[in-house]
Amino acid sequence: MRAVVQRVNGARVEVAGETVGEIVGEGLCALVGVTHDDTPEKAAQLARKLWSVRILQGEKSCSDNGAPLLVISQFTLYGDARKGRRPTWNAAAPGPVAEPLVDEVVAQLRALGAQVETGRFGADMKVSLTNDGPFTVLLEV
């Protein structure tokens, strides 16, 4: 699993003009990608990392501050554009594999006590955020 994580001061995701997930104030926006060999154990590991990574102001984590997270599925994180001009998506897990694993990341975060908002799997989403820093990291498990 792979996540592009941005420290934000507010973020939201819309589908067809409707806000389906939103966090206000300091928190993290995590775009989560799944590949073929990912497992529920990797989803739990990623959730623990997201909850405890110290990238908020003052080297704090979401668990330290009770900061919210916005988790959005993002199959394009496994796109490969090394050859040609058109990316391939071969490394991205198909929806029936990926969706339950993204859901597992969210469930594990909530079990840890996190306030989690989400996008809508497979939908055409519009993501708006204020990157605080800017601060962006790539997490892989």
Side-chain angles (χ1 to χ4, degrees), residues 1-16 18-141:
M1 293 190 103
R2 181 178 287 170
V4 171
V5 183
Q6 297 182 69
R7 181 176 71 194
V8 299
N9 186 6
R12 78 171 183 271
V13 60
E14 295 180 0
V15 175
E18 172 195 355
T19 298
V20 296
E22 181 174 22
I23 62 174
V24 177
E26 182 180 51
L28 297 179
C29 180
L31 306 176
V32 176
V34 178
T35 193
H36 301 281
D37 62 352
D38 285 334
T39 63
E41 292 77 22
K42 285 187 177 182
Q45 185 180 2
L46 180 60
R48 287 190 302 273
K49 182 65 111 174
L50 288 167
W51 185 231
S52 63
V53 66
R54 296 181 168 281
I55 61 173
L56 297 179
Q57 293 290 339
E59 294 186 6
K60 301 288 186 179
S61 67
C62 287
S63 65
D64 293 331
N65 292 354
L69 298 97
L70 177 60
V71 175
I72 301 168
S73 63
Q74 185 78 39
F75 80 94
T76 62
L77 293 182
Y78 281 99
D80 184 353
R82 289 178 288 182
K83 294 183 352 185
R85 297 179 294 157
R86 199 173 285 138
T88 65
W89 314 111
N90 297 339
V97 172
E99 185 173 12
L101 290 173
V102 173
D103 289 346
E104 183 65 15
V105 170
V106 171
Q108 290 290 328
L109 279 164
R110 289 179 175 150
L112 292 167
Q115 174 197 337
V116 184
E117 295 288 321
T118 65
R120 189 171 295 153
F121 192 91
D124 180 16
M125 295 178 275
K126 307 297 182 214
V127 180
S128 303
L129 58 88
T130 301
N131 190 317
D132 183 13
F135 201 111
T136 304
V137 297
L138 176 65
L139 300 178
E140 291 194 79
V141 295

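Values in this document were obtained by computation on a predicted structure and should not be read as measured data.
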Open item on the list: Looking only at the side chains, is there a donor atom on one of Glu41 and Gln45 sitting less than 3.5 Å from an acceptor on the other?
Closed with: no
TODO: Could you walk me through whether Val4 and Leu77 pass side-chain contact (heavy atoms from CB on, under 4.5 Å), step by step?
DONE: CA-CA 8 Å; Val4 171; Leu77 293 182; 3.6 Å; yes
- [ ] Supply the atom-to-atom distance Trp51 CH2 to Asp64 CG, rounded to the nearest 0.5 angstrom.
- [x] 9.0 Å
Task: Point-to-point distance, once rounded to the nearest 0.5 Å, from CZ of Arg7 to CG of Leu129 - done: 13.0 Å
Task: Asn90 side chain near Asp80 side chain, heavy-atom distance below 4.5 Å - done: no
Task: Any donor-acceptor pair under 3.5 Å from Thr35 side chain to Ala91 backbone - done: yes
Task: Spacing of CG belonging to Asp38 relative to NE2 belonging to His36, to within rounding of 0.5 Å - done: 9.5 Å
Task: Distance-minimising heavy-atom pair for Gly27 and Ala67 - done: CA-CB, 4.1 Å
Task: Partner of Leu28 under side chain to side chain contact (heavy atoms under 4.5 Å, CB included), chosen from Leu70, Val53, Val8, Val71 - done: Val53
Task: Heavy-atom closest pair, residues Ile23 and Pro68 - done: CG2-CB, 3.6 Å
Task: Ser52 versus Ser63, closest heavy-atom pair with distance - done: CA-OG, 4.2 Å
Open item on the list: Lys49 vs Met1, test: side-chain contact (heavy atoms from CB on, under 4.5 Å). Steps then yes/no.
Closed with: CA-CA 12 Å; Lys49 182 65 111 174; Met1 293 190 103; over 6 Å; no
- [ ] Scan side-chain atoms only and decide if Asp132 and Gln57 contain a donor-acceptor pair under the 3.5 Å cut-off.
- [x] yes
- [ ] Decide side-chain contact (heavy atoms from CB on, under 4.5 Å) for Val34 and Phe75; before the verdict, give the C-alpha distance in whole Å, the side-chain angles of both, and the deciding distance to 0.1 Å.
- [x] CA-CA 7 Å; Val34 178; Phe75 80 94; over 6 Å; no
Task: Within 6.0 angstrom of Lys42 NZ, more than 12 heavy atoms from elsewhere - done: yes
Open item on the list: Once side chain to side chain donor-acceptor pair (under 3.5 Å) is applied, do any residues pair with Gln115, and if so which ones, sequence neighbours excluded?
Closed with: none
Open item on the list: Quick one, Ser128 with Glu14, criterion side-chain contact (heavy atoms from CB on, under 4.5 Å). Give me CA distance, side-chain angles, the key distance, then yes/no.
Closed with: CA-CA 8 Å; Ser128 303; Glu14 295 180 0; 5.6 Å; no
Open item on the list: Minimum heavy-atom separation for Ile72 and Cys29, please, with both atom names.
Closed with: CD1-SG, 4.2 Å
- [ ] Drop me the distance from Leu112's CG to Leu69's CG, to the nearest 0.5 angstrom.
- [x] 10.0 Å
- [ ] Identify the two heavy atoms, one from Val97 and one from Ala93, that lie closest to each other, and give their separation to 0.1 Å.
- [x] CG1-CB, 3.9 Å
Task: From CG (Leu31) to CZ (Arg2), nearest 0.5 Å - done: 12.5 Å
Task: Nearest atoms (heavy-atom pairs only) where Gly95 meets Pro100 - done: O-CD, 4.0 Å
Open item on the list: With rounding to the nearest 0.5 angstrom, report the OG1 to CZ distance, Thr130 to Arg12.
Closed with: 9.5 Å
